[in-house]
Undergrad: 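Below is a structure I'd like to ask you about.
Chain A is the first sequence line, chain B the second, and so forth, proteins listed ahead of strands; every chain is numbered from 1. For the numbers below, each heavy atom of this structure counts, side chains included, while hydrogens, waters and symmetry mates do not.
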There are 2 protein chains.
Amino acid sequence: MIAERRATTIVDVALHARVSQATVSRVLNGKTTVDPAIAARVRQAVTELRYRPSATAQSLVRGRTSTVAMIVPDLENPLFQGILRGVSRSAARDGYRVLVADTAEDAAEERSASLEARRRCDALVLCAPRMPDREFAEVIAASHPVVVVNRAVPESAAASVGVDYASGIRELASHLLGIGHTHVVYLAGPPASTSNAQRLAGLREFRATHPEFRITELAVGSTLDDGYRAAEDALATGASAALAFNDMVALGLLSRLRELDVPVPDRLAVAGFDDVPTARFATPSLTTMSVPRQELGAQAWQRLKALLDGDPAEHAVLFRPRLVVRDSTGRRP
Amino acid sequence: MIAERRATTIVDVALHARVSQATVSRVLNGKTTVDPAIAARVRQAVTELRYRPSATAQSLVRGRTSTVAMIVPDLENPLFQGILRGVSRSAARDGYRVLVADTAEDAAEERSASLEARRRCDALVLCAPRMPDREFAEVIAASHPVVVVNRAVPESAAASVGVDYASGIRELASHLLGIGHTHVVYLAGPPASTSNAQRLAGLREFRATHPEFRITELAVGSTLDDGYRAAEDALATGASAALAFNDMVALGLLSRLRELDVPVPDRLAVAGFDDVPTARFATPSLTTMSVPRQELGAQAWQRLKALLDGDPAEHAVLFRPRLVVRDSTGRRP
DNA sequence: TTGTAGGCGTTATCAG
DNA sequence: CTGATAACGCCTACAA
């Protein structure tokens, strides 16, 4: 016989313990005080029947799911992994779970995924959204509460945490200039990435105050392979140093340079951005700007939590990346 | 005035369109056919009121949440990232979302997270669970449908996908022996990892048929740092080759060897496991066993989907890792 | 302290 | 083709 088993509900427990549903609910939630003897009976019924309350029903009646969604362009990017980890662990401490959606760098998918995910969650974490401004504003308006990571947003519309890429890249440029590089090639990231735009802006600013500093721009991308493939073009620019969009690009570049027997940093110095775990272990070890990945996630959660609790939005926070000089830039060339 | 806005419900839409809730529900779900004029009125009301159905209410009445949970020991591990990505993308195609929980390599946390996550989802993906057998069985029994990744499980209890680590490491050992290494040191992974146990078993088997092959075992771990710190001990064993638990360990080891000016592969050959994205880009490039990370996730989803649809469980699948010879093992020493 | 009953937002059955 | 109405599983005034 095929026992089409309906999950056991609070009614079953009530019947089994010979009390009302209300009482079962009470002992399970520890709200009102209940007669110890009865409470014990209920608890026993619960274990005997292996009863576990339906989270869905609880969500419906309580008006919240205790779940938040996080939308990322690419789960393979160590930056987003770190942020996800930070959000996930912080949220767990407050009894929240995280739903994650990978949009595969597709701006259109980003919009629908956000809207759809928001329907089943209490809030949204938008990570480095690639959407055009119009859609971005629309999604934010429809998804409150929202916290945005790594993209500027009108203070009132949503909470935000981010990285000061402009200042970071200026510091990096300054470091390179300091050790004698007057011509660097910038390996640009995805066009839709606003953090790439911030880096470019930072570079322009630096250039404005340092006319002797020359920057050649190359459209590259964000992955190991993108960096690997950019090596020849980077060399062809004649620059003495390369500034990569992020560490992945830098690592890919390094590996190709090695194949080509191009000495780093002597012929070409290389710097990345993010300080991913492998950066320190690369050969030569990678000079980069450190970004607090998990902390970014933790801060994102803190802001989301405030909004969820109806507290006033906390101030946006912008982390200053920290310069980490390693061997890939070396000394004065 | 503080407008405590209740979200707009189907009732609001019905009122606005001067029809019943039933009709609204019908046009939204396209179930029964509805008078075109009325349908249009409803749709207009929907957009005007910006109505979006409550996923929670739908879940309650439909009896499913269209969400599955995935439990992983560590989100920073590239293997789990790849699997997550595979599950996430495959599930998305079938209209499912993925809830992710990082247990920080804590077996106790693993149990509670699984049970708790299962309450709000339709199914569970257990990734390389570290729990002791007893708890493992218990969690599985309480969480059906479940698919387990990278840990053996009684065929009837849950679906499973995995990697044939034993055969993989034998192939790797064979490669090393083939190029002349008769003494290798195995840098072991987390004691609670069953895939580590599988590797050890494979090594023992290989040893049984190749008495001239000597294996020294070292307790190391699973991270870059673990590998980095194991370098001196590995050298002290006098082995001519190191077999790392995974690529992270191997990469950490490589970087430390470089600092120590130990030539690889001449003084010590190094091999990893998993073929993570950075393995190819390491210096020297890393010999390793390739594991289809995303495919593992896709297969896991396929099995879960079958179970969710009430179809008979598909057969367990075990992927054979593929040997990828690169420079870190080199030629005959 | 305990039980009764109403409601959370949808879907689905069954009459009209 | 459309409209009441009963679930779905749980929580919470309110009443006893």
Undergrad: Taking the minimum atom-to-atom distance to the side chain of B:N29, which one of D:dC1, C:dT10, C:dT11 wins?
TA: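 Minimum distance to the B:N29 side chain belongs to C:dT11.
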
Undergrad: At under 4.0 Å, does any side-chain N or O of B:S59 touch on OP1 or OP2 of C:dT10?
TA: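 False: B:S59 side-chain N/O out of range (4.0 Å or more) of C:dT10 OP1/OP2.
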
Undergrad: Is A:Q21 near enough to C:dT4 that one of its side-chain N or O atoms lies under 4.0 angstrom from OP1 or OP2?
TA: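 Answer no for this pair, as no side-chain N or O of A:Q21 is under 4.0 Å from OP1 or OP2.
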
Undergrad: Output yes when at least one side-chain N/O atom of B:S25 is less than 4.0 Å from OP1 or OP2 of C:dT11, else no.
TA: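 Checking C:dT11 against B:S25, a side-chain N or O does come within under 4.0 Å of OP1 or OP2.
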
Undergrad: Answer with base, sugar-phosphate or nothing: what part of the nucleic acid does B:T56 contact at a heavy-atom distance below 4.0 Å?
TA: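 Nothing, no nucleic acid heavy atom in range.
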
Undergrad: When you measure from the side chain of B:N29 to the backbone N and O of B:S25, does any donor-acceptor pair fall under 3.5 Å?
TA: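 Yes, B:N29 side chain to B:S25 backbone: donor-acceptor pair under 3.5 Å.
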
Undergrad: Figure out the CZ/C1' separation between A:R120 and C:dT10, and round it to whole Å.
TA: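 Between C1' of C:dT10 and CZ of A:R120: 15 Å.
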
Undergrad: Do NZ/NE/NH1/NH2 and the carboxylate oxygens of B:R130 and B:D106 come within less than 4.0 Å?
TA: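 So B:R130 does not pair with B:D106 through a salt bridge.
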
Undergrad: Of the listed nucleotides (D:dG3, C:dT4, C:dT11), which one gets closest to any side-chain atom of A:A22?
TA: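 When the side chain of A:A22 is considered, C:dT4 is the closest of D:dG3, C:dT4, C:dT11.
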
Undergrad: Give a yes/no on whether any side-chain N or O of B:S20 is located under 4.0 angstrom from OP1 or OP2 of D:dG3.
TA: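 Checking D:dG3 against B:S20, a side-chain N or O does come within under 4.0 Å of OP1 or OP2.
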
Undergrad: Choose from D:dA7, C:dT13, D:dC11 the nucleotide whose nearest atom is closest to any side-chain atom of A:I10.
TA: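 Output: D:dC11.
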
Undergrad: Is a donor from one side chain sitting under 3.5 angstrom from an acceptor on the other, for B:Q302 and B:E314?
TA: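 There is such a pair between these side chains.
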
Undergrad: Whole Å only: how far is the NZ atom of A:K31 from the C1' atom of D:dC14?
TA: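 Interatomic distance, NZ of A:K31 to C1' of D:dC14: 17 Å.
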
Undergrad: Got a second to check how far A:L79's CG is from A:N150's CG, nearest 0.5 Å?
TA: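 One finds 6.0 Å between CG of A:L79 and CG of A:N150.
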
Undergrad: Which listed nucleotide (D:dG3, D:dG9, C:dT10) is nearest to the side chain of B:L60?
TA: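 My answer, after comparing the listed nucleotides, is D:dG9.
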
Undergrad: Answer with base, sugar-phosphate or nothing: what part of the nucleic acid does B:V34 contact at a heavy-atom distance below 4.0 Å?
TA: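 B:V34: backbone/sugar contact only, no base atoms under 4.0 Å.
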
Undergrad: Would you indicate which nucleotide in D:dC11, C:dT1, D:dT2 comes nearest to any side-chain atom of A:R62?
TA: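 Comparing D:dC11, C:dT1, D:dT2 against the side chain of A:R62, the answer is D:dC11.
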
Undergrad: Taking 4.0 angstrom as the limit, do B:D122 and B:R97 come out as a salt bridge?
TA: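 Not counted as a salt bridge, because no side-chain N and carboxylate O are separated by less than 4.0 Å.
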
Undergrad: Please give, in whole Å, the distance from C:dG9 P to A:R64 CZ?
TA: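 Taking atom P of C:dG9 as the reference, CZ of A:R64 is at 15 Å.
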
Undergrad: When you measure from the side chain of B:V19, which nucleotide among D:dA13, C:dT11, D:dG3 comes out closest?
TA: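 For the B:V19 side chain, the nearest candidate turns out to be D:dG3.
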
Undergrad: Starting from P on D:dG3, measure out to CG on B:D35 and report it in whole angstrom.
TA: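 Checked: the CG to P distance equals 10 Å.
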
Undergrad: Closer than 4.0 Å, any side-chain N/O of A:T23 to the OP1 or OP2 of C:dT2?
TA: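 Answer no for this pair, as no side-chain N or O of A:T23 is under 4.0 Å from OP1 or OP2.
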
Undergrad: Just N and O in the side chain of A:T9: are any of them under 4.0 Å from OP1 or OP2 of D:dG9?
TA: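 Answer no for this pair, as no side-chain N or O of A:T9 is under 4.0 Å from OP1 or OP2.
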
Undergrad: C:dC8 C1' sits how many Å from B:D12 CG, rounded?
TA: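 Result: 14 Å.
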
Undergrad: Indicate whether OP1 or OP2 belonging to C:dG9 is found under 4.0 Å from a side-chain N or O atom of B:Q58.
TA: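 It does not, given that no N or O in the side chain of B:Q58 lies less than 4.0 Å from OP1 or OP2 of C:dG9.
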
Undergrad: Between A:R26 (CZ) and D:dC11 (P), how many Å, whole number?
TA: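 Roughly 12 Å, once rounded to whole Å.
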
Undergrad: A:E109 side chain to A:A104 main-chain N or O, any donor-acceptor pair under 3.5 Å?
TA: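 Not confirmed, A:E109 side chain does not pair with A:A104 backbone.
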
Undergrad: How many whole angstroms separate atom OH of B:Y51 from atom C1' of C:dG9?
TA: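 It is 7 Å, rounded to the nearest whole Å.
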
Undergrad: From CZ of A:R18 over to C1' of C:dG3, roughly how many Å is that when rounded to an integer?
TA: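 In whole Å, C:dG3 C1' lies 16 Å from A:R18 CZ.
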
